[in-house]
Amino acid sequence: QVQLVESGGELVQPGGSLRLSCAASGSTFAISAMGWYRQAPGKQRDFVASLTNGGRIDYADSVKGRFTISRDNAKNTAFLQMNNLMPEDTAVYYCHARSWIESDYWGQGTQVTVSS
């Protein structure tokens with residue numbers, strides 16, 4: 001089993017920056033990829049970014065050029081650097097991990113609010 005805990009979400013002004021963290025524990029050796037999803041009120045959960053153990057990175061079109069995903073393998077922690085934040089980025093952000101046997105794990109979510 002893998003446990004994921006997100007942190008770093010808070011209220012920020014438009015144009016500001018925020019860095020989210022996702023700490024993985026448990027059977028971390030089984031993780032093959034990590035990523036981030038987000039869900040706004042009344043909306044479905046959408047893909048944001050992902051990073052495989054082999055270094056492949058993918059981003060949603062809405063965040064390309066503004067968000068950066070990274071991972072510290074030694075600390076079993078993934079990050080999402082968010083720059084030039086806009087009100088439409090407001091959502092609960094969820095950390096995601098996939099294992100080598102294609103099991104999926106989710107964090108509890110962290111709230112990001114972009115508002116003046």
Side-chain angles (χ1 to χ4, degrees):
Q1 295 293 311
V2 174
Q3 293 79 47
L4 305 173
V5 180
E6 305 99 329
S7 62
E10 62 183 47
L11 173 65
V12 296
Q13 294 186 225
S17 297
L18 206 58
R19 182 173 180 261
L20 305 183
S21 298
C22 174
S25 61
S27 302
T28 58
F29 61 88
I31 296 175
S32 63
M34 297 189 71
W36 293 90
Y37 289 70
R38 66 186 182 186
Q39 186 169 21
K43 305 291 185 178
Q44 66 181 26
R45 186 174 298 185
D46 292 327
F47 169 79
V48 175
S50 63
L51 172 62
T52 70
N53 288 5
R56 177 177 175 176
I57 296 176
D58 290 297
Y59 294 102
D61 288 342
S62 59
V63 306
K64 287 180 179 177
R66 299 189 299 121
F67 290 11
T68 302
I69 188 172
S70 61
R71 181 178 176 184
D72 185 335
N73 290 325
K75 297 182 178 180
N76 296 310
T77 302
F79 305 94
L80 184 68
Q81 178 66 46
M82 305 184 293
N83 297 326
N84 192 27
L85 285 162
M86 302 181 292
E88 50 263 47
D89 294 317
T90 295
V92 176
Y93 284 70
Y94 295 92
C95 183
H96 169 259
R98 173 156 288 186
S99 73
W100 292 108
I101 60 172
E102 299 186 343
S103 294
D104 292 306
Y105 304 91
W106 296 92
Q108 82 287 354
T110 185
Q111 177 70 50
V112 173
T113 302
V114 185
S115 176
S116 298

J.: Would you indicate whether E88, at its atom CD, is surrounded by more than 12 heavy atoms from other residues, nucleotides or ligands within a distance under 6.0 Å?
T.: yes
J.: Is there a donor-acceptor pair under 3.5 Å between the side chain of E6 and the backbone N or O of Q108?
T.: yes
J.: Would you name the heavy atoms of A91 and A40 that are closest together and state the gap between them?
T.: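 For A91 versus A40, the nearest heavy atoms are CB-N, 3.8 Å.
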J.: Side chains of N83 and S17: any donor to acceptor distance under 3.5 Å?
T.: yes
J.: Side-chain contact test, heavy atoms from C-beta onward, threshold under 4.5 Å: evaluate it for K75 versus S21 and give yes or no.
T.: no
J.: Please check: side-chain N/O of D104 versus main-chain N/O of H96, any donor-acceptor pairing under 3.5 Å?
T.: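 It does not hold such a pair.
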J.: Evaluate the criterion side-chain contact (heavy atoms from CB on, under 4.5 Å) for residue pair L11 and Q111; output intermediate values, then yes/no.
T.: CA-CA 8 Å; L11 173 65; Q111 177 70 50; over 6 Å; no
J.: Hey, what do you get for CZ (R71) to CZ (F79), rounding to the nearest 0.5 Å?
T.: 11.0 Å
J.: Each residue besides V92 in its hydrophobic cluster should be listed here, by chain and number; the cluster joins Ile, Leu, Val, Met, Phe, Trp and Tyr at side-chain heavy-atom distances under 4.5 Å.
T.: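 Grouped by the 4.5 Å side-chain rule, Y37, F47, Y94, W106 form the rest of the cluster around V92.
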J.: Do S32 side-chain atoms and R98 backbone N/O form a donor-acceptor pair below 3.5 Å?
T.: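 Answer holds: yes.
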J.: Quick one: OG on S115 to CE on M86, what's the gap to the nearest 0.5 Å?
T.: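 Interatomic distance, S115 OG to M86 CE, rounded to 0.5 Å: 14.5 Å.
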J.: List, by chain and number, the other hydrophobic cluster members for L51, where Ile, Leu, Val, Met, Phe, Trp and Tyr join if side-chain heavy atoms come within less than 4.5 Å, directly or indirectly.
T.: V12, L18, L20, W36, V48, I57, Y59, V63, F67, I69, L80, M82, L85, Y93, V112, V114
J.: Between the main-chain N or O of N84 and the side-chain N or O of R66, is there a donor-acceptor pair closer than 3.5 Å?
T.: yes
J.: Determine, step by step, whether N76 and S25 satisfy the side-chain contact (heavy atoms from CB on, under 4.5 Å) criterion, reporting the C-alpha distance in whole Å, the side-chain angles of both residues, the deciding distance to 0.1 Å, and the verdict.
T.: CA-CA 7 Å; N76 296 310; S25 61; over 6 Å; no
J.: Would you give the length of the straight line joining atom OG of S50 to atom CZ of R56, rounded to the nearest 0.5 angstrom?
T.: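 Going from OG on S50 over to CZ on R56, the span is 7.5 Å.
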J.: Specify the closest pair of heavy atoms between A24 and I31, including all atoms of both residues, with the distance to one decimal.
T.: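 Reported closest heavy-atom pair: CB-CD1, 4.0 Å.
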J.: Roughly how far, to the nearest 0.5 Å, is the CE atom of M34 from the OG1 atom of T77?
T.: 7.5 Å
